Amino acid sequence: MTKAKARLIRFLIFGSLALLASGAYVFFSADETPRTHTHHLNVAGVEIGGPFTLVKHTGETVTDKDFQDTYKLIYFGFTYCPAVCPTELQKMTAALKDLGALQDKITPILISVDPGRDTPEVLREYVDFFHPKLIGLTGTQAQIDTVLKSYKVYAAKVEDEEATDYTMDHSSFIYFMAPDDTLLKIFRTQDTAAYITTEIEKILESREQS
Ligand code: NI
């Protein structure tokens, strides 16, 4: 078993216990979001998204053009993340499942902010935990830097004092994008899966009518 997988299993076990104990789906309130996950984003007048070339968890090279027949839920994170990334991915995939037939219109995507450790092989094992449709994308540092820049994602290596390895400080948002890559909505760490489902339903309904 890889280190990332062991860490994830540990998270899922403790996450389930916390869920039972609190009865709440999200057990990180906004105030308790660890320092390593930023949740301030100013998008006024800012263009989000753009062309990219990345490597899928299956090993094939893909571009933004490969996702232009589908709505997208995009999260930027990394597989070594001990808490917030798996919580957000669970939330994203739970929201997707609750959309019923509408989920066929949407592709969930995880883009790695840690390409040095998140190889396609590592991502493949990781995405399997969350949703059969979840796509993991990684690439060279330069390819990742391009996509981080176009989505205005902050990510930086920080030394983890409790471990020999580093961790990543990164912004934590779920981007809901139209097939043509228009930004439709940004979800934050304090948004619940139920809220995401409801908002997506509303957005899709208004777009189908127009
Ligand atoms: Ni994270």
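Both ligands and their constituent atoms are indexed starting at 1 by order of listing. The chain is numbered in sequence order, starting from 1. The structure displayed is predicted, hence computed values, not measured ones.
- Looking only at protein N/O/S atoms, the ones less than 2.8 Å from the Ni ion (ligand 1) make 4 in total.
- K105 is linked by a salt bridge (charged side-chain N to carboxylate O under 4.0 Å, His left out) to E208, counting only residues two or more places apart in sequence or in another chain.
- For D145, the side chain to side chain donor-acceptor pair (under 3.5 Å) partners at least two apart in sequence or on another chain are Q141.
- Just one of D118, D114, T138 meets the side-chain hydrogen bond (donor to acceptor under 3.5 Å, both in side chains) condition when paired with T79; it is D118.
- Seen from the ring of F173, R188 does not count as a face-on cation partner, given the 6.0 Å and 45° thresholds.
- For the pair K157 and Y166, the cation-pi criterion (under 6.0 Å, within 45° of the ring axis) is fulfilled.
- Contacts of K202 classified as salt bridge (charged side-chain N to carboxylate O under 4.0 Å, His left out), with partners at least two apart in sequence or in another chain: E199.
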